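Since this is a predicted model, take the numbers as computed values, not measurements.
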Amino acid sequence: MGRTILCPHCRSTFDEDILKKKNSINVCLVCGESLLGDNVSSEDDQSDWITWYYYGYKSDNGKSSILEDKPIDLTQYGDVYFLKKEFKAPPESKYGLDEVKKILRTYFPDAFSEPKKEDTTVRCPFCGYHEFTLLNRGYSIFTGFLGSDKVKRICNRCKMQF
């Protein structure tokens, strides 16, 4: 077990290992404030920070999202967008958009992350096994040579043809 860390703002205690697993070593999981305390970051460093707005699209329940430095009028575009998070971060001109996204990931860990690649492995629809044998269909009494150029797959585990 790692050391115990106390949040100076909400007085919650956390195990260091849990914070590392959540990729939140410097941010409190309860209140979202910095765990570094006043000695590491001062308000002077954040005096030029602006408010950023993280919006989600209603059409796909927020899976697609946008990041804006100006608020969107939700009375006019409320049927398209909804506000997911409003947070403070440096302006894009100072550190770039990557720093803003890094701060946003403290609240939403998978925000603007690379989409996961889908598994393209062919699997048996019956048992899910990934090894199979390819065989030619060959000659049939009913169809003759019709379809003999097609290939059939036979699962090596359950022996089902698909």
- Query: Are Ile50 and Leu97 linked, directly or through other ILVMFWY residues, by side chains that come within less than 4.5 angstrom of each other?
  - Reply: yes
- State, with a plain yes or no, whether a side-chain heavy atom of Val122 is found less than 4.5 Å away from one of Arg153. yes
- So does Asp79 pair up with Lys58, basic N to acidic O under 4.0 Å? no
- Query: Within a reach of under 6.0 Å around CG of Asp60, are more than 12 heavy atoms found that belong to other residues, nucleotides or ligands?
  - Reply: yes
- May I ask you to check whether over 12 heavy atoms, not counting those of Lys102, lie within 6.0 Å of atom NZ? no
- Message: With heavy-atom distances below 4.5 Å as the criterion, would you say the side chains of Asp69 and Val100 are in contact?
- Response: no
- Item | Enclosure of Tyr77 OH (heavy-atom neighbours >12, cutoff 6.0 Å) | no
Return a table of donor-acceptor pairs under 3.5 angstrom between the side chains of residues 84-91 and protein atoms on other chains or two or more places apart.
{"residue": "Lys84", "atom": "NZ", "partner": "Gly62", "partner atom": "O", "Å": "2.8"}
{"residue": "Lys88", "atom": "NZ", "partner": "Thr51", "partner atom": "OG1", "Å": "3.3"}

- Which atom pair, heavy atoms only, marks the closest approach of Phe82 to Tyr57? CE2-O, 3.7 Å
- Message: Can you tell me how far apart CD (Glu99) and CD (Glu92) are? Round to the nearest 0.5 Å.
- Response: 12.5 Å
- Nearest 0.5 Å, what's the CG-OG distance between Asp48 and Ser93? 8.5 Å
- Are side-chain N/O atoms of Ser65 and Tyr55 paired as donor and acceptor at under 3.5 Å? no
- Note, Lys70 side chain near Trp52 side chain (heavy atom, < 4.5 Å): no
- Check: Val27 and Tyr107 side chains under 4.5 Å, non-hydrogen atoms: no
- When rounded to the nearest 0.5 angstrom, what distance separates NZ in Lys101 from CG in Leu67? 7.0 Å
- Message: Nearest 0.5 angstrom please: Tyr81 OH to Ile66 CD1, how far?
- Response: 4.5 Å
- Under a single-linkage definition using a 4.5 Å side-chain heavy-atom cutoff for Ile, Leu, Val, Met, Phe, Trp and Tyr, are Tyr54 and Leu74 assigned to the same hydrophobic cluster? no
- Message: Quick one, Ile103 and Trp49 - any side-chain contact, counting heavy atoms below 4.5 Å?
- Response: yes
Could you pull out all donor-acceptor pairs under 3.5 Å where a side-chain atom in residues 123-134 meets a protein atom, sequence neighbours excluded?
{"residue": "Arg123", "atom": "NH1", "partner": "Gly128", "partner atom": "O", "Å": "3.1"}
{"residue": "Thr133", "atom": "OG1", "partner": "Asn156", "partner atom": "OD1", "Å": "2.8"}

- Message: Same cluster or not: Leu104 versus Leu83, using hydrophobic residues (I, L, V, M, F, W, Y) connected whenever any side-chain heavy atoms lie under 4.5 Å apart?
- Response: no
- Query: Roughly how far apart are Gln161 CD and Leu135 CG, rounded to 0.5 Å?
  - Reply: 8.5 Å
- With sequence neighbours left out, write down each residue that passes side-chain hydrogen bond (donor to acceptor under 3.5 Å, both in side chains) with Tyr53, or none if nothing qualifies. none
